[in-house]
A.B. asks: 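Take this structure, written in structure tokens, and hold onto it; I'll ask about it next.
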Amino acid sequence: PPAGLPPAAAVAGLGLFTVSSKKRGEFIADYTGQLIRDTAPRTPYAVAWSHGRVIDSNSTQDAVGRYANVCRQANKRRGQCRGNNTKIARDFPRNKITLRASQRLNAGDEVFAAYGTTYRV
């Protein structure tokens, strides 16, 4: 992991890190994938799209946004993150979700997405 991250982050698995600084509201990455019915078998990378449908990025390797983790309270207590620093935005005309910085990020910062209740595992 980039310098300055706590040791716990080194064993947390996959993550998404910035390569350059980002201002609040700036684009970070796309979260794309196959639009499927929510009744399909559960996949590890699905975000609610609209009533009864999800974007499943498990079907593609191009959706780097899927590697953004969620900073949960338990992670904060363990010092693994300070909070979510990214928000998702649905782009209905282009059938994709984008991740945008919700605060300033420095190069090398891990991206933590505020998926809310739209994310499932």
Side-chain angles (χ1 to χ4, degrees):
L5 285 179
V11 295
L14 299 176
L16 179 64
F17 297 84
T18 58
V19 293
S20 62
S21 296
K22 300 291 181 186
K23 296 177 187 172
R24 183 179 178 162
E26 194 170 347
F27 171 83
I28 295 174
D30 286 325
Y31 192 110
T32 59
Q34 184 178 15
L35 196 56
I36 63 172
R37 296 176 69 115
D38 194 26
T39 57
R42 296 221 179 247
T43 67
Y45 303 104
V47 173
W49 179 251
S50 63
H51 184 69
R53 298 188 314 173
V54 297
I55 292 246
D56 174 19
S57 68
N58 195 46
S59 61
T60 179
Q61 294 299 312
D62 295 336
V64 297
R66 76 183 189 167
Y67 295 110
N69 290 311
V70 177
C71 180
R72 294 183 173 92
Q73 288 298 328
N75 301 110
K76 286 171 77 171
R77 283 192 298 273
R78 289 191 291 261
Q80 296 169 328
C81 56
R82 289 185 212 111
N84 294 315
N85 53 22
T86 305
K87 292 188 178 186
I88 66 167
R90 287 172 190 77
D91 184 344
F92 288 102
R94 297 189 306 176
N95 282 346
K96 71 176 180 179
I97 293 171
T98 58
L99 300 177
R100 296 198 172 269
S102 60
Q103 64 189 47
R104 178 168 172 69
L105 298 173
N106 296 315
D109 283 350
E110 184 167 4
V111 175
F112 293 101
Y115 291 107
T117 60
T118 64
Y119 180 71
R120 66 181 180 131
V121 178

A.B. asks: Please check: side-chain N/O of Arg100 versus main-chain N/O of Lys87, any donor-acceptor pairing under 3.5 Å?
C.D. replies: no

A.B. asks: I would like to know whether Asn85 and Val111 meet side chain to side chain contact (heavy atoms under 4.5 Å, CB included); could you show each step before the answer?
C.D. replies: CA-CA 6 Å; Asn85 53 22; Val111 175; 4.3 Å; yes

A.B. asks: In the single-linkage hydrophobic clustering (I, L, V, M, F, W, Y; side-chain heavy atoms under 4.5 Å), do Leu99 and Leu35 co-cluster?
C.D. replies: yes

A.B. asks: Can Phe112 be reached from Val70 by stepping across I, L, V, M, F, W or Y side chains whose heavy atoms are under 4.5 Å apart?
C.D. replies: no

A.B. asks: Hydrophobic clustering (ILVMFWY, side-chain heavy atoms < 4.5 Å, transitive) - are Val47 and Phe92 grouped together?
C.D. replies: yes

A.B. asks: Quick check for you: to the nearest 0.5 Å, what is the distance between Asp109 atom CG and Arg104 atom CZ?
C.D. replies: 9.0 Å

A.B. asks: Can you check whether Ile97 reaches Trp49 side chain to side chain, under 4.5 Å on heavy atoms?
C.D. replies: yes

A.B. asks: Quick one: does Leu105's side chain get under 4.5 Å of Ile28's, heavy atoms only?
C.D. replies: yes

A.B. asks: Given side chains that start at C-beta, do those of Leu16 and Thr86 come closer than 4.5 Å, heavy atoms only?
C.D. replies: no

A.B. asks: Calculate, to the nearest 0.5 Å, the distance between atoms SG and CD belonging to Cys81 and Gln73 respectively.
C.D. replies: 8.5 Å

A.B. asks: How long is the straight-line distance from CG of Asp91 back to OG1 of Thr32, given to the nearest 0.5 Å?
C.D. replies: 11.5 Å

A.B. asks: Among Lys96, Arg90, Arg66, whose side-chain contact (heavy atoms from CB on, under 4.5 Å) with Tyr31 holds?
C.D. replies: Arg66

A.B. asks: Contact between Ile36 and Val54 at the side-chain level, heavy atoms closer than 4.5 Å - yes or no?
C.D. replies: yes

A.B. asks: Once rounded to the nearest 0.5 Å, what's the spacing between atom CG of Asp30 and atom CZ of Arg94?
C.D. replies: 7.0 Å

A.B. asks: Would you indicate whether the side-chain heavy atoms of Ile88 and Thr98 approach each other to under 4.5 Å?
C.D. replies: no

A.B. asks: Around atom CZ of Arg24, are there more than 12 heavy atoms from other residues, nucleotides or ligands closer than 6.0 Å?
C.D. replies: no

A.B. asks: Show the numbers, then the answer: is there a side chain to side chain contact (heavy atoms under 4.5 Å, CB included) between Cys71 and Lys76?
C.D. replies: CA-CA 7 Å; Cys71 180; Lys76 286 171 77 171; 3.3 Å; yes

A.B. asks: If you look at every heavy atom in Ser21 and Ala107, which pair is closest and at what distance?
C.D. replies: OG-N, 3.7 Å

